[in-house]
Amino acid sequence: MEFTARQIADFLKGEIEGDQEVTVHTISKIEEATAGSLTFLANPAYTPWIYKTGASIVLVNKDFKPESPVNSTLIKVDNAYNALAGLLNLYQQSLPQKQGVSSLASLADSSIPGKNNYIGEFVVVGENVTLGENVKIYPHCFIGDNVVIKDNSTLYAGVKVYDNCVIGRECSIHSGAVIGADGFGFAPQSDNNYMKIAQIGNVILEDHVEIGANTTIDRATMGSTVIKKGVKLDNLIQVAHNVVVGENTVIAAQTGIAGSSKVGKNCMIGGQVGISGHLSIGDEVKIAAQSGLSSNVKNGKIIMGSPAFEHDKYIKAYIHFRNLEKLVKRIDDLEKQVNTLTDRSL
Amino acid sequence: MEFTARQIADFLKGEIEGDQEVTVHTISKIEEATAGSLTFLANPAYTPWIYKTGASIVLVNKDFKPESPVNSTLIKVDNAYNALAGLLNLYQQSLPQKQGVSSLASLADSSIPGKNNYIGEFVVVGENVTLGENVKIYPHCFIGDNVVIKDNSTLYAGVKVYDNCVIGRECSIHSGAVIGADGFGFAPQSDNNYMKIAQIGNVILEDHVEIGANTTIDRATMGSTVIKKGVKLDNLIQVAHNVVVGENTVIAAQTGIAGSSKVGKNCMIGGQVGISGHLSIGDEVKIAAQSGLSSNVKNGKIIMGSPAFEHDKYIKAYIHFRNLEKLVKRIDDLEKQVNTLTDRSL
Amino acid sequence: MEFTARQIADFLKGEIEGDQEVTVHTISKIEEATAGSLTFLANPAYTPWIYKTGASIVLVNKDFKPESPVNSTLIKVDNAYNALAGLLNLYQQSLPQKQGVSSLASLADSSIPGKNNYIGEFVVVGENVTLGENVKIYPHCFIGDNVVIKDNSTLYAGVKVYDNCVIGRECSIHSGAVIGADGFGFAPQSDNNYMKIAQIGNVILEDHVEIGANTTIDRATMGSTVIKKGVKLDNLIQVAHNVVVGENTVIAAQTGIAGSSKVGKNCMIGGQVGISGHLSIGDEVKIAAQSGLSSNVKNGKIIMGSPAFEHDKYIKAYIHFRNLEKLVKRIDDLEKQVNTLTDRSL
């Protein structure tokens with residue numbers, strides 16, 4: 001499909017500078033764009049590219065003023081990044097969508113596929129599963145007994161959902177994610193063996209949750225592990241039993257949250273962070289990548305390090321750490337001087 | 001199913017305080033329990049909840065003495081946590097169990113399903129596989145050629161076991177775990193390319209081993225990667241080729257052990273720990289989360305940091321690290337004072 | 001199959017010391033080898049084993065001179081490790097190979113299996129997929145629409161490849177790896193919600209790439225995430241959208257690379273390393289395990305720490321860190337001495 005600059009500007013309620021009739025059929029990065037591409041400029045670091053890009057159309061922020069001639073047609077919008085996001089989503093929705101229930105899927109008689117659902121090849125749907133409308137379940141997914149999956153959610157190929165878990169509306173779960181495996185609970189015995197503690201709870205994903213590829217979210221020992229509305233989890237994240245992650249918190253890849261910890265809402269957590277068990281992390285907390293948390297964190301804190309403390313203080317301490325060699329030299333010198341002074345004063 | 005306090009106390013050999021005839025039908029956390037629930041109190045941090053819980057029955061340790069009236073019936077036992085674990089396991093065993101060989105599974109003719117086994121939909125069992133009794137293999141598992149799976153073991157949906165691996169008795173392997181993928185072995189060549197080294201060994205899980213979701217255990221180059229009796233591995237753990245993990249060692253999520261390292265028995269290893277290759281870690285070693293090990297560790301050590309050293313020393317060093325800003329200020333002051341003294345002494 | 005020392009020495013162009021007619025049927029580690037085994041000695045740490053190994057044949061480097069009698073037949077070669085690698089590969093190639101297209105696989109009509117391919121049970125191949133020759137796709141793999149897989153590549157059980165991705169020649173992808181899941185891209189909105197940004201790009205693996213079990217490589221937002229020729233990725237690695245990893249770079253398990261970062265060629269990256277987004281890492285860079293990179297790195301650097309800096313400097317700083325307790329004691333002493341001196345000088 002092709003669109004003119006005019007059509008796109010109308011859709012985005014933007015203003016055109018340049019040829020209104022130029023057409024595009026794809027979306028590209030500014031440094032790779034060629035004729036027929038639409039691109040965008042939001043990050044100032046990429047500004048030099050706007051003077052040499054081959055793109056036919058560039059979305060820019062309203063306040064962008066070129067300092068040299070630009071070959072592309074500009075469309076000025078309030079927020080070029082959001083506008084691009086809108087176009088990307090539109091583009092993706094225009095692609096053919098999977099539909100229908102494959103004859104190669106295996107659904108228990110007690111589970112009724114909802115309306116307009118896609119259920120791919122070799123999917124297994126257990127007993128008493130409740131599926132909403134417009135649910136997409138790609139091949140090789142396993143949906144355990146009594147699972148609920150609400151409207152407009154998508155499970156990509158190979159997602160495993162254990163018995164009794166609940167997936168909210170408009171959720172996306174990427175390949176290889178495991179929802180509801182047993183929590184890691186063992187009672188130490190006197191002979192150094194461990195007794196397995198049955199994990200009889202479940203996992204609840206609320207609405208608008210995204211779960212990355214190969215991320216694991218364990219079922220609660222009792223009750224529920226809860227991922228609240230709007231939470232976005234990247235790939236290879238571990239969420240242990242009985243954890244609660246608050247609304248609209250985003251967590252980067254390979255982070256792990258140990259059992260029973262509660263993370264507040266609107267937090268931003270970097271990659272490879274570790275959060276010990278039974279902690280309480282406040283709202284709007286920001287945690288630097290690779291930090292390790294072993295104590296509670298108050299609302300709004302920005303923290304770093306392992307064990308983590310205030311980000312600014314960490315940065316300062318770390319600069320001194322890098323310079324410890326020099327610091328030790330200063331102490332060596334001081335000791336010599338003081339010895340000299342002491343000798344002299346006697 | 002409902003049980004009276006009397007029945008439960010008899011089963012646990014506990015003593016009742018309160019209504020012997022009150023009934024429960026589920027098990028809950030003390031802070032969420034309502035009428036009809038059994039709960040427990042083991043961690044003193046939760047003691048305040050016993051005075052306000054809605055639970056009908058609370059398991060407590062024999063020495064627990066309420067300081068205010070308690071509405072629930074108490075059952076006093078030697079160890080409330082172990083008693084709870086026993087009840088949870090009983091509860092889980094009372095749930096319907098999967099049975100039989102699905103007509104949608106694919107078993108090689110040379111592989112004979114054992115007695116009382118469950119083999120789910122779309123399972124693939126390769127050539128010459130030996131299955132014990134009471135083995136459960138959930139949908140989408142792949143069992144390579146010549147694999148052995150012994151009695152009473154369970155593989156949840158989507159576990160992949162490569163050729164020639166051995167799974168002991170009473171093991172549980174959670175979804176997405178990969179047992180026996182190639183070790184990461186490459187011989188550097190003069191042109192910066194790497195030559196792949198075929199990995200012809202296998203993985204052996206001994207009895208009573210638990211493997212978490214999406215954990216990966218690589219096959220040995222030659223010989224075996226061995227996970228010994230009673231080992232418990234959490235989710236997303238990496239165990240490289242030719243590693244040996246000793247009996248009853250427990251390892252938290254996202255830890256990685258590099259090639260040929262040996263970990264002793266009865267160790268406790270935190271989450272996101274990294275252990276370099278070719279190391280020897282002793283017995284009863286405790287390793288704090290996010291530690292990095294680059295040298296051998298003796299029996300019984302408790303270590304922390306990256307690179308790791310004695311836990312107590314690490315904690316002290318880290319306190320000074322946090323205060324480096326102040327330390328530098330003290331050195332600045334000393335230098336000024338010493339300069340003054342030096343000037344004065346001349 | 002059995003081979004004589006003579007046959008093996010001829011194949012490897014090596015020299016024999018000992019019985020030319022002794023036969024072997026397997027390959028073992030030197031410390032575990034028994035009669036009928038071939039083993040090797042490359043790492044000097046294992047030299048004592050050559051005097052007590054039960055192996056019938058030991059591959060050694062040409063310059064190896066025994067200091068005591070050796071029972072085994074020695075085969076002297078230029079590089080014992082490379083020679084072993086060659087034999088291991090030969091051994092593996094001699095094992096029966098999977099062949100043919102399973103009647104239980106599901107291939108879209110628009111996708112034509114190439115020549116001599118293996119497509120296992122319950123594999124799903126989407127629309128318009130292009131398969132080269134000698135491709136092996138093990139059970140439970142999912143190949144999305146428009147995917148290209150070139151000659152001689154192997155996908156082990158349960159690999160998931162999303163739409164439009166490209167797998168080069170001679171690649172190996174291990175079980176559970178996810179190629180082409182959505183990048184982690186969300187535009188923050190004024191109400192603390194995030195708008196999903198459609199990820200319309202793909203992943204390109206060039207030739208001779210190896211991808212470990214449960215590793216995830218996200219598709220680009222626009223354009224391609226690229227893993228260049230000869231790259232070897234271990235297990236449980238995260239590669240985010242729009243990352244480029246340069247030729248012949250090897251990366252150990254559980255490392256994560258955030259969005260849009262470029263890693264050069266011939267790098268060696270340890271396990272559990274974190275690389276922030278939008279960075280440029282040069283060629284021939286070495287990064288110690290568990291390091292965290294938050295700024296660009298020049299060609300040839302060896303770095304360590306989180307945040308990372310020069311390896312040698314890190315090691316020195318860390319030694320001082322371990323001794324901070326003593327350093328603080330020295331400052332305490334200096335302060336006392338200076339106070340005494342100051343009192344005395346007044």
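Throughout, a chain's letter reflects where its sequence line sits, starting with A, and its residues are numbered from 1. Predicted model, so just to flag it, every value in this text is computed and none were measured.
Interatomic distance, A/Phe122 CZ to C/Phe142 CZ, rounded to the nearest 0.5 Å: 12.0 Å. One finds the CG atom of A/Leu324 at 11.0 Å from the CD1 atom of C/Ile319 (value rounded to the nearest 0.5 Å). Considering CE of C/Met222 and CZ of A/Phe40, their distance stands at 4.5 Å, rounded to 0.5 Å.
Only the backbone of C/Ser291 comes within less than 4.5 Å of a heavy atom in chain A; its side chain stays farther off. Looking at C/Asn242, only its side chain comes within 4.5 Å of chain A, counting heavy atoms on both sides. With a threshold of 4.5 angstrom between heavy atoms, C/Val273 approaches chain A through N, CA, C or O but not through any side-chain atom. Contacts between A/Gln290 and chain C at a heavy-atom distance below 4.5 Å involve the side chain alone, from C-beta outward. Of the atoms belonging to A/Ser345, heavy atoms from both backbone and side chain fall under 4.5 Å from chain C. Heavy atoms of A/Asn43 lying under 4.5 Å from chain C are absent altogether. In this structure, the portion of C/Asp145 lying under 4.5 Å from any heavy atom of chain A is its side chain and not its backbone. In this structure, the portion of A/Ile251 lying under 4.5 Å from any heavy atom of chain C is its backbone and not its side chain.
Checking C/Val159, C/Thr216, C/Val178 one by one against A/Ser175, the side chain to side chain contact (heavy atoms under 4.5 Å, CB included) holds for a single residue, C/Val178.
Among A/Gln254, A/Glu335, A/Glu247, A/Gln337, the residue with the largest count of heavy-atom pairs under 4.5 Å with chain C is A/Gln254. Taking A/Leu327, A/Thr342, A/Leu104, A/Leu95 one by one and counting their heavy-atom pairs under 4.5 Å with chain C, the maximum is reached by A/Thr342.
Side-chain contact between C/Thr221 and A/Lys29 is absent, with no heavy atoms from C-beta onward closer than 4.5 Å. Residues A/Asp332 and C/Arg330 are in side-chain contact: their nearest non-hydrogen atoms beyond the backbone lie under 4.5 Å apart.
If you look at C/Tyr162 and A/His174, their ring centroids are closer than 6.0 Å.
Between A/Ala85 and C/Met195, the closest heavy-atom pair is CB-CE, 3.5 Å.
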